[in-house]
Trainee: 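Structure incoming, see below.
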Amino acid sequence: MTSVSTNTALVLTGGGARAAYQVGVLKAVRELLPKSTPNPFPILAGTSAGAVNAAVLATHARNFAVGVEGLLEVWQNFHADQVYRTDPAGIAKTALSWLGSLAFGWLTHRSPHSLLDNSPLRRLLEHYVNLLRIDDAIAHQALRAISITCSGYNSGESVSFFQGRADLEPWRRSQRVGSHVKIEIDHLMASSAIPFIFPAVKLHREYFGDGSMRQLAPISPAIHLGAERILVIGAGRLAEGPERPEVTGYPSLAQIAGHTLSSIFLDSLWMDLERMNRINHTVSMIPEERRQNGTPLRPIDVLVISPSQRLDYLAVQHAHSLPWLVRALLRGIGAMNPDGGALTSYLLFEASYTRALIDLGYGDTMTRRDEVRNFLVKA
């Protein structure tokens, strides 16, 4: 008989529309595991758009297959107007706010909150995500904990808000905090508030934005919550950048913005994985009996699945599916060109692109089916 470790975690990183790739991976995992297998991920740690996916899985922790099906239903049929306003009035309101601030900010002392209005996302989450189910899943031992990471604009701290078993303790490290709370829609909105693009959200006494900002250790929340085996789904390739070509023109605003977002969403994960590999190697050289003295040390088994293709290139192929007004806005800053594709890849919440990402995630996972199955299922 097969079973899944109660200390297995799923880490879902940020990346806006790129998070559709995670759904493809989860679709494959659902097919690879025996139908009788309980929830394969009792510990869920999500950041940014990955926080939304994690929340859906947490609310369906008693039936993993149903949770994955719910994610597929949304991501396969996505339209940008489900995430941010794409109508002329909505675009004009934010555009005029920015122009007014640039021209008269010295007089009004007011600054725009964001480039886009993401109020449709809140309505989508309120409709699809029943967070009241999390307590039920914990009570039935289908879920150990879910963590949603946000970044505090005032304190500069990376705060992992988690809901889980009563015996789980909060933590504090340098610039990293774990806070035991009841997860609400505001936590999801804050964690997915891409800087400049979407507005910050006030939680308790501080404004928070996208959890990927200043998240120096993306895997850390899962470990604090007791994970010993972690599946990490990335939002970009391990080595996205080609060799540096010779350029003649100045980088567009979209290229600079895309580069900034990629450094927020991608770089810290790969550095954290390198650090974990070094620690695992060090721990493996310490005799078992010595690990139990003082602070217990344990190796963490990690499997990473990340895109086999560059998602910015894929986004350029599907950018035409965006509403015309959004295309015009992005074209004005160079985001419709190949060099600006990274920015587009985070905002392209359209079915043609998200379905391509789901197919890519599914294919990448099935290519490693034996490795994934062996990682998740133990005798």
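Note that the numbering runs from 1 along the sequence shown for the chain. We use all heavy atoms of the structure for the numbers below, so side chains are in, but hydrogens, waters and symmetry mates are not.
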Trainee: Would S155 and E206 satisfy side-chain hydrogen bond (donor to acceptor under 3.5 Å, both in side chains), going step by step from the backbone distance to the final call?
Mentor: CA-CA 8 Å; S155 66; E206 184 176 5; 2.8 Å; yes

Trainee: Are T86 and L325 side-chain neighbours, meaning at least one heavy-atom pair lies under 4.5 Å?
Mentor: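 SC-SC contact between T86 and L325 ruled out.
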
Trainee: Quiz question: by atom type and distance under 3.5 Å, do the side chains of T149 and S160 form a donor-acceptor pair?
Mentor: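 Result is yes, a qualifying pair exists.
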
Trainee: When you check the side-chain N and O atoms of Y362 and E31, is any donor under 3.5 Å from an acceptor?
Mentor: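 Their side chains do contain a donor-acceptor pair, which is all the 3.5 Å distance test asks for.
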
Trainee: Would you check if D81 and D87 make a side-chain contact, meaning some heavy-atom pair closer than 4.5 Å?
Mentor: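 No, their side chains stay 4.5 Å or more apart.
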
Trainee: Give the minimum heavy-atom separation between A142 and A61, together with the two atoms involved.
Mentor: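 Heavy atoms of A142 and A61 come nearest at CB-O, 3.7 Å.
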
Trainee: Which heavy-atom pair separates V11 from P218 by the least distance, and what is that distance?
Mentor: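 Shortest heavy-atom separation between V11 and P218 comes out as CG1-O, 4.1 Å.
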
Trainee: Would you say E350's side chain and A80's backbone share a donor-acceptor pair under 3.5 angstrom?
Mentor: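 It does hold such a pair.
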
Trainee: Excluding sequence neighbours, so at least two apart, what forms side-chain hydrogen bond (donor to acceptor under 3.5 Å, both in side chains) with R327?
Mentor: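 Here no residue qualifies.
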
Trainee: Measuring from F162:CZ to I146:CD1, what's the distance to the nearest 0.5 Å?
Mentor: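 It is 12.5 Å, given to the nearest 0.5 Å.
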
Trainee: With S179, which residues qualify under side-chain hydrogen bond (donor to acceptor under 3.5 Å, both in side chains), at least two apart?
Mentor: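 S179: no side-chain hydrogen bond (donor to acceptor under 3.5 Å, both in side chains) contacts found.
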
Trainee: Main chain of I183, side chain of Q163: is a donor-acceptor contact present, judged purely on distance under 3.5 Å?
Mentor: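 At least one qualifying donor-acceptor pair exists.
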
Trainee: Taking the side chain as C-beta and beyond, is there a heavy-atom pair between C150 and L203 under 4.5 Å?
Mentor: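 In short, these two side chains touch, coming nearer than 4.5 Å.
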
Trainee: Tell me whether Q141 at atom CD has more than 12 heavy atoms from other residues, nucleotides or ligands lying less than 6.0 Å away.
Mentor: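 No - once you tally the heavy atoms of other residues, nucleotides and ligands closer than 6.0 Å, there are 12 at most.
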
Trainee: Which pairs pass salt bridge (Lys or Arg N to Asp or Glu O under 4.0 Å) with one or both residues in residues 152-166, sequence neighbours excluded?
Mentor: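 Pairs touching residues 152-166 that pass the test: E157-R172, R165-D167.
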
Trainee: Taking L72 as the starting point, is it possible to reach V66 by hopping between hydrophobic residues whose side chains are less than 4.5 Å apart?
Mentor: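 No, no single cluster joins them.
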
Trainee: Going by atom types only, do R176 and S220 share a side-chain donor-acceptor pair under 3.5 Å?
Mentor: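 Side-chain D/A pair, R176 to S220: present.
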
Trainee: Counting only N and O atoms by type, is there a donor-acceptor contact under 3.5 Å from the side chain of Y21 to the main-chain atoms of L360?
Mentor: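 Not confirmed, Y21 side chain does not pair with L360 backbone.
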
Trainee: Where is the tightest heavy-atom contact between V56 and V129, given as atom of each residue plus distance?
Mentor: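 What the structure gives for the nearest pair is CG2-CG2, 3.9 Å.
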
Trainee: Under 3.5 Å, is there a donor-acceptor pair linking the side chains of D364 and S308?
Mentor: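 Checked: D364/S308 side chains pair up, N/O donor to acceptor below 3.5 Å.
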
Trainee: Would you check if R355 and N77 make a side-chain contact, meaning some heavy-atom pair closer than 4.5 Å?
Mentor: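 A side-chain contact under 4.5 Å exists here.
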
Trainee: Let me know which of D117, V83, D210 forms a side chain to side chain contact (heavy atoms under 4.5 Å, CB included) with F198.
Mentor: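 Of the listed options, the one satisfying the test is V83.
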
Trainee: If you apply the rule salt bridge (Lys or Arg N to Asp or Glu O under 4.0 Å), what do you find for R30 with E69, and how did you get there?
Mentor: CA-CA 10 Å; R30 180 188 63 178; E69 192 60 38; 2.9 Å; yes

Trainee: Taking the six-membered ring for Trp and the full ring for Phe, Tyr or His, determine whether the centres of F161 and F208 are under 6.0 Å apart.
Mentor: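 Here the rings of F208 and F161 have centres that are less than 6.0 Å from each other.
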
Trainee: Distance check, rounded to the nearest 0.5 Å: L44 atom CG versus L143 atom CG?
Mentor: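 Going from the CG atom of L44 to the CG atom of L143 covers 6.0 Å.
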
Trainee: side-chain contact (heavy atoms from CB on, under 4.5 Å) between L347 and I197: does it pass, once the steps are laid out?
Mentor: CA-CA 9 Å; L347 300 178; I197 307 297; 3.6 Å; yes

Trainee: Any heavy-atom pair between the side chains of D301 and I230 that's under 4.5 Å?
Mentor: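 Sidechains of D301 and I230: no contact.
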
Trainee: Could you tell me which non-hydrogen atom of A19 sits nearest to which non-hydrogen atom of G50, and how far apart they are?
Mentor: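 Between these two residues, the closest heavy atoms are CB-N, 4.5 Å.
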
Trainee: Quick check: closest heavy atoms across G16 and A49, and the distance to 0.1 Å?
Mentor: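 Smallest heavy-atom distance, with atoms named: O-CB, 3.3 Å.
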
Trainee: A cation-pi test, strictly: NZ or CZ of R18 under 6.0 Å from the centre of the six-membered ring of Y346 and no more than 45 degrees from its axis. Yes or no?
Mentor: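 Verdict for Y346: a cation-pi partner in R18.
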
Trainee: Within the distance-only criterion (no hydrogens, no angle test), does the side chain of R229 pair as donor or acceptor with the backbone N or O of F375 below 3.5 angstrom?
Mentor: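 Yes, the answer is positive, given that a donor and an acceptor are paired below the 3.5 Å cut-off.
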
Trainee: Would you call the rings of H204 and H187 parallel, tilted or perpendicular if under 30° counts as parallel and over 60° as perpendicular?
Mentor: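 Tilted: the ring planes of H204 and H187 meet at 30° to 60°.
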
Trainee: Taking the side chain as everything from C-beta on, heavy atoms only, tell me whether V316 gets closer than 4.5 Å to T344.
Mentor: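 Of all side-chain heavy-atom pairs linking T344 with V316, none is under 4.5 Å.
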
Trainee: What's the verdict on side-chain contact (heavy atoms from CB on, under 4.5 Å) for L376 and L33, showing C-alpha distance, side-chain angles and the deciding distance?
Mentor: CA-CA 8 Å; L376 292 176; L33 291 176; 4.1 Å; yes

Trainee: So how far is it from I305 CD1 to Q22 CD, rounded to the nearest 0.5 Å?
Mentor: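 Separation between the atoms: 11.0 Å.
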
Trainee: Yes or no on salt bridge (Lys or Arg N to Asp or Glu O under 4.0 Å) for R122 and D186, after CA distance, side-chain angles and deciding distance?
Mentor: CA-CA 8 Å; R122 179 179 291 274; D186 277 347; 2.8 Å; yes

Trainee: Between D136 and R133, does any NZ, NE, NH1 or NH2 come within less than 4.0 Å of an OD or OE carboxylate oxygen?
Mentor: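 A salt bridge is absent here (no side-chain N lies under 4.0 Å from a carboxylate O).
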
Trainee: Any chance OH of Y153 has more than 12 other-residue heavy atoms, nucleotides or ligands included, within less than 6.0 Å?
Mentor: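 More than 12 heavy atoms, drawn from other residues, nucleotides or ligands, come within 6.0 Å of this atom.
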
Trainee: Please report the interatomic distance CD1(I358) to CG(L26), rounded to the nearest 0.5 Å.
Mentor: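 One gets 10.0 Å once the value is rounded to the nearest 0.5 Å.
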
Trainee: What about F349 and H79, are their ring centers closer than 6.0 Å?
Mentor: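 Centroid distance F349-H79: not below 6.0 Å, so no.
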
Trainee: Show, in sequence, the C-alpha distance, side-chain angles and deciding distance for L32 and V377, and conclude whether the side-chain contact (heavy atoms from CB on, under 4.5 Å) test is met.
Mentor: CA-CA 10 Å; L32 290 173; V377 179; over 6 Å; no

Trainee: Angle class for the H224/W171 ring planes (parallel below 30°, perpendicular above 60°, tilted otherwise)?
Mentor: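 H224 and W171: parallel rings.
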
Trainee: Are any side-chain N or O atoms of E169 and backbone N or O atoms of H180, one a donor and one an acceptor, separated by less than 3.5 Å?
Mentor: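 Checked: no pair found.
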
Trainee: Between S151 and S158, is any pair of side-chain heavy atoms under 4.5 Å apart?
Mentor: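 With C-beta onward as the side chain, the pair stays apart.
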
Trainee: With distance as the sole test, does T13 use its side chain to make a donor-acceptor pair with the main-chain N or O of I233 at under 3.5 Å?
Mentor: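 Side chain of T13 to backbone of I233, a donor-acceptor pair under 3.5 Å: yes, one is there.
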
Trainee: Would you mind reporting whether Y353 and S345 have side-chain heavy atoms less than 4.5 Å apart?
Mentor: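 Answer yes - side chains close enough.
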
Trainee: To the nearest 0.5 Å, what is the distance between CG on N7 and CG on L225?
Mentor: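 One gets 10.5 Å once the value is rounded to the nearest 0.5 Å.
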
Trainee: Do side-chain atoms of S321 reach the backbone of H318 as a donor and acceptor pair under 3.5 angstrom?
Mentor: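 Yes, S321 side chain to H318 backbone: donor-acceptor pair under 3.5 Å.
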
Trainee: Taking the six-membered ring for Trp, are W75 and F78 parallel (under 30°), tilted (30 to 60°) or perpendicular (over 60°)?
Mentor: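 Correct class here is perpendicular.
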
Trainee: If you measure from CG on L10 to CG on L57, what distance do you get to the nearest 0.5 Å?
Mentor: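 Separation between the atoms: 6.5 Å.
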
Trainee: Before giving the answer on side-chain contact (heavy atoms from CB on, under 4.5 Å), spell out for L121 and Q82 the whole-Å C-alpha distance, their side-chain angles and the decisive distance to 0.1 Å.
Mentor: CA-CA 6 Å; L121 176 60; Q82 294 176 281; over 6 Å; no

Trainee: Taking the side chain from N118 and the backbone from Y84, do they hold a donor-acceptor pair closer than 3.5 Å?
Mentor: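 Looks like no, no N/O pair under 3.5 Å.
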
Trainee: I need the minimum non-hydrogen distance between T47 and G211, along with the two atoms involved.
Mentor: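 Of all heavy-atom pairs spanning T47 and G211, the closest is CG2-C, 3.3 Å.
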
